[in-house]
K.L.:
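Right, I'll just put the structure down here and ask away after.
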Protein chains: 2
Amino acid sequence: MPRPLRADAARNRELLLQAAREVFARRGLDVTLDEIARHAGVGVGTAYRRFANKEALVEALFEDQLDRMVHFATSSLHRVDTWDGFVGMVTAFSEQMAADRGLREVVFRNYGRDDRMAQIRERFVPAMEAVVRRAQDAGVLRPDAAPTDLPIIEMMLGVVDVFAEPVRSGLYPRYLTLILDGLRARPGLTPLPVPALTHDEFDRLTLIPPPPGL
Amino acid sequence: MPRPLRADAARNRELLLQAAREVFARRGLDVTLDEIARHAGVGVGTAYRRFANKEALVEALFEDQLDRMVHFATSSLHRVDTWDGFVGMVTAFSEQMAADRGLREVVFRNYGRDDRMAQIRERFVPAMEAVVRRAQDAGVLRPDAAPTDLPIIEMMLGVVDVFAEPVRSGLYPRYLTLILDGLRARPGLTPLPVPALTHDEFDRLTLIPPPPGL
DNA sequence: TAACAACCGGAGACTTCTTCTCCGCTTAGT
DNA sequence: ACTAAGCGGAGAAGAAGTCTCCGGTTGTTA
């Protein structure tokens with residue numbers, strides 16, 4: 001059992017976590033620990049004394065955030081209007097992801113690849129599947145949509161936001177709306193010409209070395 | 001007037017251009033000249049003797065490719081079915097972009113920022129505008145779509161392809177279809193909640209330092 | 001309030017990656 | 001056969017990131 005930190009050390013630890021939250025959210029996971037330390041107002045040495053490396057810091061930060069994402073999915077199942085439930089989940093996902101570039105990178109690059117996060121991911125999949133199936137059973141979601149379309153869509157929206165952010169923040173809802181209009185079941189839709197990624201394909205993607213450039 | 005290259009030098013120049021075409025297309029503009037030289041089967045020294053730097057090589061390669069993109073836009077105006085014309089242009093763009101990661105990066109990072117490419121870009125904008133307006137006047141494209149939506153959509157599709165490529169190439173048409181279904185004028189569409197980027201905003205985006213991560 | 005273990009800052013050692021140069025050897029062209 | 005043009009690729013130079021080390025400071029305990 002590690003004995004408690006001295007008061008100044010504990011305070012610095014909190015400063016670092018807070019700084020990391022902000023810097024990761026704005027600039028992604030590729031920032032240096034040096035930079036986080038500077039933003040926290042402590043020395044690099046202090047940062048490395050508290051967290052063995054950047055990965056440890058990421059883990060400490062994103063566990064509960066991923067948890068919250070799963071919660072969005074399951075709770076959307078209880079909405080009375082099925083389409084609203086679906087839209088609500090996708091919108092909530094997008095809001096989280098848009099607000100936090102680090103979160104996007106954790107989700108799509110599976111940063112850390114450790115067990116705890118893997119467990120969370122395992123609860124993700126059934127949740128998304130349930131929401132998609134419910135919406136399709138109700139006839140409001142186009143029948144050829146698939147659960148893995150959702151993370152792909154989140155990725156697309158995330159990129160729009162990274163790209164547009166320097167001149168306009170909050171552009172992504174425009175494209176979210178567009179895509180939701182394309183997802184809604186309607187007469188006269190064009191059948192989707194390629195099958196969606198299987199869950200297995202998707203998992204493999206997040207586990208392989210990050211494709212340079214998100 | 002530079003005097004003609006010796007035969008072996010001219011041949012190596014072609015080898016380098018060909019290698020660059022392939023490597024840029026597959027891996028993007030961030031590959032090193034060393035890598036291109038290796039792929040061409042010549043020494044690095046040779047590469048740097050022929051092209052002052054990577055930028056010169058990029059310029060030599062992408063001028064006519066951009067030209068072809070503009071051509072897609074203008075020729076789509078002559079299709080009898082307006083919606084087919086619109087879809088044809090967007091599809092042609094996507095095919096080009098999906099097949100060539102380097103091209104995507106030239107378009108969105110304005111690599112080089114030189115005059116010749118700027119001129120081409122200037123012809124791009126009116127062409128896209130014309131196609132969008134024609135489709136909206138005919139009532140087949142949703143009225144709240146805008147010309148700058150098209151490059152944004154291309155960017156989204158490009159990212160899907162970069163991401164999915166390691167386990168599945170050619171996934172993007174699925175999402176292209178989805179988005180086109182969302183772009184088509186229909187009763188019951190949700191109004192797009194945020195204005196599109198203006199041309200000016202878009203230009204500024206491509207001119208500022210590349211947002212790290214495409 | 002003295003004493004010391006814990007902690008701090010940040011210079012810089014190390015590593016990795018990319019760009020580009022230099023020079024001894026080879027070859028095309030006359 | 002001679003020589004200017006060209007070749008290859010080791011490695012210099014620089015940029016960027018990770019992490020260590022240590023002289024000086026501070027919280028804590030007695």
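Side-chain atoms are counted along with the backbone in the values below, which use heavy atoms only and exclude waters and symmetry mates. Order of the sequence lines sets the chain letters (A, B, ...), proteins ahead of strands, with each chain counted from 1.
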K.L.:
Can B/D161 and B/R101 be counted as an ion pair, charged N to O under 4.0 angstrom?
P.N.:
no
K.L.:
Is any side-chain N of the basic residue among A/R174 and B/D149 closer than 4.0 Å to the acidic one's carboxylate O?
P.N.:
yes
K.L.:
Would a distance-only check, ignoring hydrogens and angles, find a side-chain to backbone donor-acceptor pair under 3.5 Å from A/R168 to B/A196?
P.N.:
yes
K.L.:
Looking at A/R204 and A/D200, is there a salt bridge between them, counting it only when a charged N and a carboxylate O are closer than 4.0 Å?
P.N.:
yes
K.L.:
Taking the basic N atoms (NZ, or NE/NH1/NH2) and the acidic carboxylate oxygens, is any pair closer than 4.0 Å for A/R184 and B/D181?
P.N.:
no
K.L.:
Using a heavy-atom distance cut-off of less than 4.0 Å, which residues of residues 9-25 of chain A contact DNA chain C?
P.N.:
A/A9, A/N12
K.L.:
If we ignore hydrogens and angles and just use 3.5 Å, is the side chain of B/R38 paired with the main-chain N or O of B/V44 as donor and acceptor?
P.N.:
no
K.L.:
Whether the side chain of A/K54 engages the backbone of A/L29 through a donor-acceptor N/O pair (distance < 3.5 Å, no angle test) should be reported.
P.N.:
yes
K.L.:
At under 4.0 Å between heavy atoms, which parts of nucleotides 13-22 of chain D does protein reach? Answer with one letter per nucleotide, 5' to 3': B base, S sugar-phosphate only, - none.
P.N.:
----SBBB--
K.L.:
What does the list of N/O pairs under 3.5 Å between the protein and nucleotides 28-30 of chain D look like, with a distance for each?
P.N.:
unit_1 : atom_1 : unit_2 : atom_2 : d
D/dT28 : OP1    : A/A7   : N      : 3.1

K.L.:
Rounded to the nearest angstrom, tell me the gap between atom CG in B/L29 and atom P in C/dT18.
P.N.:
14 Å
K.L.:
Please confirm whether the backbone N or O of A/A145 pairs with a side-chain atom of A/Q136, one donor and one acceptor, at under 3.5 Å?
P.N.:
yes
K.L.:
Taking the six-membered ring for Trp, is the centroid-to-centroid distance between A/F124 and A/F93 below 6.0 Å?
P.N.:
yes
K.L.:
Between A/E154 and A/R104, does any side-chain N to carboxylate O distance fall below 4.0 Å?
P.N.:
no
K.L.:
To the nearest Å, how far apart are A/R38 CZ and C/dC8 P?
P.N.:
18 Å
